[in-house]
Amino acid sequence: MLDAGHPDRREHRWLLTTRGRRSGADRTTPVNVVEVGGDRWLVSPYGRVGWVHNLRADATARLWRGDTRETWEVEEADAATAGPVLRAYVRKLPVTAPFFDAKPGDPAGAFAAEADRHPVFRLARSRT
């Protein structure tokens, strides 16, 4: 991807494992973790997907990448808190921009207005 003029985004990529809200079975999906304001955040650019529902039912996020394993208690952000995180997310990962009405140059308030469609979770307390 670097040859195509796209920045390398691997530093954001993790695998997220959540407990299935109905089955109780582990569910794993690739996610991007971004750092904004000194905190690390999980963002769902594609809406209320399975892992979002699972984290709402059980706020434990297990992240892994290579040999690194982390377990976190997450907290869902309100719209005002999510706005700046969503804006930073779209700027860092522009491939997700088409899924947002707000444009990367818009103020955080424009992103806050659509925060209900793009859930944001703060990695709040480490359990590892």
Side-chain angles (χ1 to χ4, degrees):
M1 291 208 76
L2 291 174
D3 293 336
H6 300 295
D8 185 12
R9 299 294 185 207
R10 285 179 278 180
E11 72 272 12
H12 299 295
R13 294 184 190 156
W14 290 81
L15 289 175
L16 167 68
T17 300
T18 58
R19 179 172 301 134
R21 65 195 175 282
R22 291 187 206 141
S23 69
D26 284 349
R27 302 291 183 204
T28 301
T29 190
V31 295
N32 290 296
V33 176
V34 295
E35 187 170 327
V36 179
D39 286 314
R40 292 171 64 206
W41 303 87
L42 287 169
V43 173
S44 181
Y46 313 116
R48 295 179 204 105
V49 294
W51 67 262
V52 169
H53 295 292
N54 292 343
L55 282 180
R56 286 175 173 165
D58 177 354
T60 302
R62 289 175 285 154
L63 295 167
W64 56 281
R65 176 175 62 194
D67 292 334
T68 303
R69 304 279 190 268
E70 300 177 359
T71 302
W72 292 87
E73 182 178 328
V74 300
E75 295 174 348
E76 189 164 4
D78 61 24
T81 303
V85 175
L86 291 170
R87 181 178 63 185
Y89 187 89
V90 169
R91 288 178 176 176
K92 290 178 182 184
L93 297 152
V95 69
T96 63
F99 298 94
F100 291 81
D101 293 332
K103 304 299 175 222
D106 287 348
F111 286 91
E114 59 182 294
D116 64 322
R117 292 180 312 186
H118 305 286
V120 174
F121 296 85
R122 182 173 70 90
L123 301 181
R125 283 172 285 290
S126 176
R127 293 187 179 172
T128 49

Determine the minimum heavy-atom distance between V85 and T81, stating which atoms define it. CG2-O, 3.6 Å

Could you go through L15 and L63, starting from their C-alpha distance and side-chain angles, then the distance that decides it, and tell me whether this counts as side-chain contact (heavy atoms from CB on, under 4.5 Å)? CA-CA 6 Å; L15 289 175; L63 295 167; over 6 Å; no

Identify the heavy atoms of V36 and A88 that sit nearest to each other, and give their distance. CG2-CB, 3.6 Å

CZ/R69 to OG1/T17 distance, rounded to the nearest 0.5 angstrom? 8.5 Å

Decide whether V31 and W64 are clustered together by the hydrophobic rule: side chain heavy atoms of Ile, Leu, Val, Met, Phe, Trp, Tyr closer than 4.5 Å, transitively. no

Considering only NZ, NE, NH1 and NH2 on the basic side and carboxylate oxygens on the acidic side, decide whether E70 and R62 come within less than 4.0 Å. no

D58 side chain vs L55 backbone, donor-acceptor pair below 3.5 Å: no

For L123, the option from T71, D39, V74 that meets side chain to side chain contact (heavy atoms under 4.5 Å, CB included): V74

Is V43 reachable from V49 through a run of hydrophobic residues whose side-chain heavy atoms are each under 4.5 Å from the next? yes

About how many Å separate CG of N32 and CG of L93, when rounded to the nearest 0.5 Å? 4.5 Å

May I ask you to decide if the ring planes of W51 and F121 are parallel, tilted or perpendicular, using 30° and 60° as cut-offs? tilted

Tightest non-hydrogen contact, residues A97 and V90, listed as CB-CG1, 3.8 Å

Atom CG of L42 and atom CG of L16: how far apart are they, to the nearest 0.5 Å? 6.0 Å

Indicate whether any N or O donor in one side chain lies under 3.5 Å from an N or O acceptor in the other, for T60 and R19. no

Taking every heavy atom of P45 against every heavy atom of F99, the minimum-distance pair comes out as O-CB, 3.6 Å

Just by distance, do the side chain of H12 and the backbone of V34 share a donor-acceptor pair under 3.5 Å? no

Taking it one step at a time, do H118 and F100 satisfy side-chain contact (heavy atoms from CB on, under 4.5 Å)? CA-CA 8 Å; H118 305 286; F100 291 81; 3.4 Å; yes

Under 3.5 Å donor-acceptor, E76 side chain and R56 backbone: no

Lys/Arg-Asp/Glu bridge criterion (N-O < 4.0 Å) met for R122, E75: yes

Before giving the answer on side-chain contact (heavy atoms from CB on, under 4.5 Å), spell out for W14 and R40 the whole-Å C-alpha distance, their side-chain angles and the decisive distance to 0.1 Å. CA-CA 12 Å; W14 290 81; R40 292 171 64 206; 3.5 Å; yes

Considering non-hydrogen atoms only, spot the tightest contact between R48 and P119 and give its length. CG-CG, 4.1 Å

Grab the two heavy atoms, one from A115 and one from A82, that are nearest each other, plus how far apart they are. CB-CB, 3.9 Å

Which of these, R21, R22, R27, sits in a side chain to side chain donor-acceptor pair (under 3.5 Å) with N54? R21

Among the clusters formed by ILVMFWY side chains lying less than 4.5 Å apart, do V95 and V33 turn up in the same one? no

